[in-house]
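Take a look at the structure below.
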Amino acid sequence: MGVRTKTFLVATAVAMTMVVGTAFACTNLATLNLSAAAGQAGDSITVTGSSFSVPSEGETPAVVMTWNGAEGEELASVTPDSAGNVSATFEIPDGQPGYYVIVASQMDEEGEPMYGTPARASFQILGPGGESVVQPAAPTPAVADGGSTTGIVAMTAILGVLGLALFGAGFSAFVKQLRGREEPETAPVRRD
């Protein structure tokens, strides 16, 4: 295999990887929105979601909403509309004050999970008197004293550029190495 052929194959593989990665990154992931982010156990909330798989004709894939994890208590089961949207209203289960997760997983007709990341939304059960019992995290020192995070952003950008430069140097060295491996031409055999 010639150097040009090898270089073409490597370049094609890199291009295909970039195209597939970009296509995957641009896919819509299902999302959930809550009518309220906090409340008491027993409160009724409405959950709306979008970008779920649209059912094909004759199929009824369900979106199952569970409490505090994919294996938690089932809160509702709904079928997406023709645009992939869902809506359900249910009561918040009993629980200690704190944060909980509502998970919406799409299941096929056999009850098996379908491709895709489940959508998630957090809900906080409030303590007595409707007060949050979860203490907010302390601000970072750079922000607490009126500073900014510009240094962190600049460092991230510099490291990104450095990483791309190293990748380019490595790829360039790889191509030079391939070019250096050209097969020697053989002299024609002379027959007397």
Side-chain angles (χ1 to χ4, degrees), residues 20-57 59-160:
V20 168
T22 302
F24 181 75
C26 293
T27 57
N28 289 335
L29 294 178
T31 60
L32 286 184
N33 296 305
L34 305 177
S35 61
Q40 300 290 338
D43 287 354
S44 181
I45 66 165
T46 300
V47 177
T48 57
S50 62
S51 298
F52 288 94
S53 295
V54 177
S56 301
E57 190 173 323
E59 293 182 341
T60 55
V63 174
V64 177
M65 297 182 193
T66 54
W67 181 250
N68 211 29
E71 302 297 321
E73 176 186 342
E74 184 175 321
L75 302 172
S77 180
V78 295
T79 301
D81 64 14
S82 61
N85 299 321
V86 295
S87 180
T89 301
F90 50 82
E91 288 186 7
I92 297 300
D94 287 331
Q96 294 292 323
Y99 280 99
Y100 294 86
V101 178
I102 297 170
V103 178
S105 304
Q106 193 157 14
M107 305 291 184
D108 63 16
E109 291 178 344
E110 286 80 35
E112 296 295 320
M114 294 177 66
Y115 174 77
T117 303
R120 294 173 174 84
S122 63
F123 184 85
Q124 182 183 16
I125 294 180
L126 299 173
E131 296 295 320
S132 175
V133 296
V134 179
Q135 298 299 319
T140 59
V143 177
D145 65 4
S148 70
T149 58
T150 305
I152 294 172
V153 173
M155 181 63 78
T156 303
I158 290 169
L159 289 175

Partners passing ring-ring contact (aromatic ring centres under 6.0 Å, His included) against Tyr100 (at least two apart in sequence or in another chain):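 ring-ring contact (aromatic ring centres under 6.0 Å, His included) list for Tyr100, sorted by chain: Trp67.
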Only counting residues at least two apart or in another chain, list the ones meeting side chain to side chain donor-acceptor pair (under 3.5 Å) with Thr48.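 If we apply the side chain to side chain donor-acceptor pair (under 3.5 Å) test to Thr48, skipping adjacent residues, there are no hits.
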Going by side chain to side chain donor-acceptor pair (under 3.5 Å), name the residues that satisfy it together with Ser50, two or more places apart in sequence or in a different chain. Thr31
Minimal non-hydrogen separation, Ser105 against Val103, with atom names: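 Closest approach of Ser105 to Val103: OG-CG1, 3.7 Å.
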Provide the closest heavy-atom pair for Ile102 versus Leu32 in the form atom of the first, atom of the second, distance. O-CD1, 3.8 Å
Distance-only, no hydrogens or angles: does the Gln96 side chain make a donor-acceptor pair with backbone N or O of Gly127 under 3.5 Å? no
Under 3.5 Å, side chain of Gln106 to main-chain N/O of Ser53, donor-acceptor pair present? yes
Single hit among Val101, Leu34, Asn68 for side chain to side chain contact (heavy atoms under 4.5 Å, CB included) with Phe123: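 So, applying the side chain to side chain contact (heavy atoms under 4.5 Å, CB included) to Phe123 and each of Val101, Leu34, Asn68, only Leu34 qualifies.
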Run the side-chain contact (heavy atoms from CB on, under 4.5 Å) test against Val133 and tell me which residues pass, sequence neighbours left out. Pro97
Check: residues 84-95 side-chain donor-acceptor pairs under 3.5 Å, at least two apart:
| unit_1 | atom_1 | unit_2 | atom_2 | d |
| --- | --- | --- | --- | --- |
| Thr89 | OG1 | Thr46 | OG1 | 3.0 |

Only distances under 3.5 Å count here; give the side-chain donor-acceptor pairs of residues 70-78 to other protein atoms, sequence neighbours excluded, each with its distance to 0.1 Å.
none

Side-chain touch Pro80/Val63, heavy atoms, less than 4.5 angstrom: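 Heavy-atom side-chain distance check passes, below 4.5 Å.
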